[in-house]
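First up is the structure itself, then whatever we jot down about it.
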Amino acid sequence: MMNSEQPLAPIIITGAHENNLRNISLEIPKGCLVVFCGVSGSGKSSLAFDTIANESNRQWQENYPLFLRNKMPHYDRAKVESIENLTPAVVVDQHSIGVSSRSTVGTALDVAPLVRLLFSRCGEPSAGGSMAYSANHPMGMCQHCTGLGTDLVLKEDLLFDIAKTLREGAIRFSQFSNGWQTYLYQANPKINADKKLSDFSAAEWDYLKYGEREPDGTLSKKQIKVEIRSNNTGRVDKVDYEGVIPRFERLYLKRDITKLKKSLQDEILSFVEKGGCPIAAALA
């Protein structure tokens, strides 16, 4: 069946001279994919973003009352003699959006709140309010993977070099063998920092890995005095002792590490095994 509709009028650009454009005139057809190609500096972005998209947004804003326009981004008139048949433009710029391991298409496009609201109002049976459908909120996230959808399992043996003492760097993770966190273990009066880990008793291993235990077997946090040598002052601060394993999991596995330096991210991941969340898989 023949399409009786008239073809869309092309965008006609006359005398574009934005940035390094030199009075460029051209026609851009509608209803098809158009690609601007050329060497770096040839004016592709100047034509697509600074001329066409800029002028489209400027003309679109002219339809709003002055009160609203004063609260919207300001667009200067594009440096072009004329643009005909220009339509509203959706601009996807060349800058990457800020993302994290919790980012999704829904959060990037800001539609996730609307979807949550829809499910909370219309879902049967309903899980509760809007936040009950958020993977990034304690009310809705999986308590096992905290909404990340992956399970990071620490390979404990990789953290330790049993042939060394703590003072020699037996804890392989750099954050626990350099800097102030070192003193949690090397200056702990209950741990011999000059004893090879291979010679540790079961109780010493348990204390190094997990902190003391209460009579019922649960882990206990107790304040101990460790010497923090800050600017050679020899100041003594009270800090909570925390075993290597729970400290590593709390600081580096139960948080978004994508904001950390890439080198530190790689080091953290070298001590863990990554897999799918078993709870999510069971519910699928």
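Reckoned from all heavy atoms, side chains included, excluding hydrogens, waters and symmetry mates. Throughout, numbering of the chain's residues begins at 1 and tracks the sequence.
The main-chain N or O of Asp76 is found under 3.5 Å from a side-chain atom of Asn54 such that the two form a donor-acceptor pair. The main-chain N or O of Leu166 is never found under 3.5 Å from a side-chain atom of Lys195 such that the two would form a donor-acceptor pair. In this structure, Asn20 contributes its side chain and Gly41 its backbone to a donor-acceptor pair below 3.5 Å. Between the side chain of Ser56 and the backbone N or O of Thr87, at least one donor-acceptor pair lies under 3.5 Å.
Under the 30°/60° scheme for interplanar angles, the aromatic rings of Phe176 and Phe173 are found to stand perpendicular.
Among all heavy-atom pairs drawn from Ser120 and Ser126, the shortest one is O-OG, 3.5 Å. Considering every non-hydrogen atom in both Ser42 and Val39, the closest pair reads OG-O, 2.7 Å. Between Glu168 and Lys164, the shortest heavy-atom contact is OE1-CA, 3.5 Å. Summarising the geometry of Glu18 relative to Asp50, their closest heavy-atom pair is CG-CB, 3.6 Å, with the distance given to 0.1 Å. Summarising the geometry of Ala132 relative to Ala127, their closest heavy-atom pair is CB-O, 3.7 Å, with the distance given to 0.1 Å. Looking at every heavy atom in both residues, Pro10 comes nearest to Glu27 through CG-OE1, 3.8 Å.
In the hydrophobic cluster analysis, where Ile, Leu, Val, Met, Phe, Trp and Tyr join through side-chain heavy atoms closer than 4.5 angstrom, Leu184 is grouped together with Trp205. Hydrophobic clustering (ILVMFWY, side-chain heavy atoms < 4.5 Å, transitive): Ile171 and Leu264 are in one cluster. Hydrophobic clustering (side-chain heavy atoms under 4.5 Å, transitive across Ile, Leu, Val, Met, Phe, Trp, Tyr) keeps Val153 apart from Leu158. When hydrophobic clusters are built by joining Ile, Leu, Val, Met, Phe, Trp and Tyr residues whose side-chain heavy atoms come closer than 4.5 Å, directly or via intermediates, Leu117 is not grouped with Val111. Each of Ile12 and Leu8 belongs to its own hydrophobic cluster when Ile, Leu, Val, Met, Phe, Trp and Tyr are linked at side-chain heavy-atom distances under 4.5 angstrom.
Contact annotation: the side chain of Lys209 never approaches that of Val244 to less than 4.5 Å [non-hydrogen atoms, C-beta and beyond]. Annotation: side chain of Ile245 is in contact with side chain of Glu249 (closest heavy-atom distance under 4.5 Å). Residues Ser130 and His137 are not in side-chain contact: their nearest non-hydrogen atoms beyond the backbone lie 4.5 Å or more apart. At least one side-chain heavy atom of Asn57 sits under 4.5 Å from a side-chain heavy atom of Val91. Residues Leu21 and Val80 fail the side-chain proximity criterion, which asks for heavy atoms closer than 4.5 Å. At least one side-chain heavy atom of Glu55 sits under 4.5 Å from a side-chain heavy atom of Arg77. Taking the side chain as every heavy atom from C-beta outward, Ile24 and Thr51 never approach each other to under 4.5 Å. Taking the side chain as every heavy atom from C-beta outward, Leu154 and Leu159 approach each other to under 4.5 Å.
Atom CG in Leu260 sits 7.5 Å away from atom OH in Tyr252 (nearest 0.5 Å). Going from atom CZ of Phe248 over to atom CD of Gln175 covers 10.0 Å, rounded to the nearest 0.5 Å. Atom OH of Tyr64 is separated from atom CG of Asn70 by 14.5 Å, given to the nearest 0.5 angstrom. From Gln181, atom CD reaches atom CG of Leu251 across 6.0 Å, with rounding to the nearest 0.5 Å. Distance check, rounded to the nearest 0.5 Å: CG of Asn192 to CG of Leu197 gives 10.5 Å. Within the model, atoms CG of Asn19 and CZ of Phe49 stand 13.0 Å from one another, a figure rounded to the nearest 0.5 Å.
Evaluation of the side chain to side chain donor-acceptor pair (under 3.5 Å) test over residues 260-270, restricted to residues two or more places apart or in two chains, returns Ser174-Glu267, Lys262-Asp266. The list of ring-ring contact (aromatic ring centres under 6.0 Å, His included) pairs with a residue in residues 109-131, not counting sequence neighbours, reads Phe119-Tyr133.
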Please assess Leu208 against Asn188 for the test side chain to side chain contact (heavy atoms under 4.5 Å, CB included), listing each intermediate value before the final yes or no.
CA-CA 10 Å; Leu208 174 64; Asn188 191 324; over 6 Å; no
Given side chain to side chain contact (heavy atoms under 4.5 Å, CB included), test Arg69 with Glu62 step by step and report yes or no.
CA-CA 8 Å; Arg69 285 188 307 213; Glu62 288 184 344; 4.2 Å; yes
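Heavy atoms of other residues, nucleotides or ligands lying less than 6.0 angstrom from NZ of Lys44 number more than 12.
Looking at residues two or more places apart in sequence or on another chain, you find a side chain to side chain contact (heavy atoms under 4.5 Å, CB included) between Ser25 and Thr14.
Taking the six-membered ring for Trp and the full ring otherwise, Tyr207 and Phe200 have centroids separated by 6.0 Å or more.
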